[in-house]
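For reference, the structure is listed below as structure tokens.
Everything numeric in this text was worked out from a predicted model, so none of it was measured. So that the names make sense, note that chain A is the first sequence line, chain B the second, and so on, each numbered from 1. Every heavy atom of this structure was used, including side-chain atoms; hydrogens, water molecules and symmetry mates were not.
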Amino acid sequence: MSYNPLYQRIWKTVNAIPVGYVSSYGKIADFAGLPGKARMVGKSLGYVPKELQVNWHRVLRSNGQLAFPKGSELALKQTGLLQEEGVAVLNNRVRMKEFEWHPDLATMLQGFEY
DNA sequence: TCCTTGACATTTT
DNA sequence: TAAAATGCCAAGG
């Protein structure tokens with residue numbers, strides 16, 4: 001079931017992250033109305049149709065670390081994209097204290113009401 | 001059922 | 001002390 005309304009909601013929530021900010025899988029899951037389903041978010045990002053544009057590179061782990069191994073090319077790509085957007089990435093790690101996305105209520109409601 | 005992926009806790013620097 | 005790295009556990013496809 002790759003074409004699931006839940007997935008679309010997750011992708012929508014991910015795309016709601018503004019440039020220059022990042023969020024965690026857990027937060028995305030929460031914002032998407034799927035508390036505790038962070039793994040589903042990670043899986044869904046892997047099932048995103050290539051024709052859709054999803055800001056997967058703005059989604060990190062709860063502790064700010066990238067979800068890919070440091071040597072992975074995806075990780076390097078993600079790092080590059082984030083840095084281009086103004087997010088400092090050091091050792092596959094992002095300062096959540098500085099770059100964590102603080103969504104407003106309206107944004108969250110958009111995800112819930114989708 | 002097994003594999004992949006994220007969170008949380010603990011330990012190290 | 002605080003921040004970062006590693007390991008273990010749980011959930012979903």
Legend entry - Polar pair under 3.5 Å, donor/acceptor by atom type, side chain A:K43, base C:dG12: yes
Legend entry - Pairing of A:E85 and A:R58 as salt bridge, 4.0 angstrom limit: yes
Inset, instruction - Would you indicate, yes or no, if C:dG12 has its OP1 or OP2 atom less than 4.0 angstrom from a side-chain nitrogen or oxygen of A:Y47? - result: no
Inset, instruction - Send over the distance from A:I10 CD1 to C:dG13 C1', rounded to a whole Å. - result: 12 Å
Inset, instruction - Count the heavy atoms of every other residue, nucleotide or ligand shown that sit under 6.0 Å from CZ of A:F99, and state whether that count exceeds 12. - result: yes
Legend entry - Nucleotide of C:dG13, C:dA5, B:dA7 approaching A:N91 most closely (side-chain heavy atoms): C:dA5
Legend entry - Interatomic distance where NZ belongs to A:K37 and P belongs to C:dG12 [whole Å]: 5 Å
Legend entry - d(CZ, A:R39; P, B:dT5) in whole Å: 13 Å
Legend entry - A:S72 side-chain N/O to A:F68 backbone N/O, donor-acceptor pair under 3.5 Å: no
Inset, instruction - Could you state the atom-to-atom distance from CG of A:N92 to C1' of B:dT5 in whole Å? - result: 16 Å
Legend entry - Whole-Å gap separating P (C:dG13) and CG (A:L6): 9 Å
Legend entry - Options C:dA10, C:dT6, C:dG13, nucleotide nearest the side-chain atoms of A:Q65: C:dT6
Inset, instruction - Calculate the interatomic distance between A:Q78 atom CD and B:dT5 atom C1'; express it in whole Å. - result: 14 Å
Legend entry - Side-chain N or O of A:K97 closer than 4.0 Å to phosphate OP1/OP2 of C:dA3: yes
Legend entry - Nucleotide of C:dA4, B:dG6, C:dA11 approaching A:A67 most closely (side-chain heavy atoms): B:dG6
Legend entry - Same apolar cluster (I L V M F W Y, side chains within < 4.5 Å links), A:L81/A:V89: no
Legend entry - Side-chain N,O (A:S62) to OP1/OP2 (B:dC8) below 4.0 Å: yes
Legend entry - Path from A:L6 to A:W56 over hydrophobic side-chain contacts below 4.5 Å: yes
Inset, instruction - Give A:A29 one of three labels, base, sugar-phosphate or nothing, depending on what nucleic acid heavy atoms sit under 4.0 Å from its own. - result: nothing
Legend entry - A:M96 CE to C:dA4 C1', straight-line distance once rounded to whole Å: 14 Å
Legend entry - Side-chain N or O of A:R61 closer than 4.0 Å to phosphate OP1/OP2 of B:dT5: no
Inset, instruction - Tell me which nucleotide among B:dA7, C:dG13, C:dA5 gets nearest to the side chain of A:Y7. - result: C:dG13
Inset, instruction - Could you tell me the separation between the CG atom of A:L60 and the P atom of C:dA3, rounded to a whole number of Å? - result: 17 Å
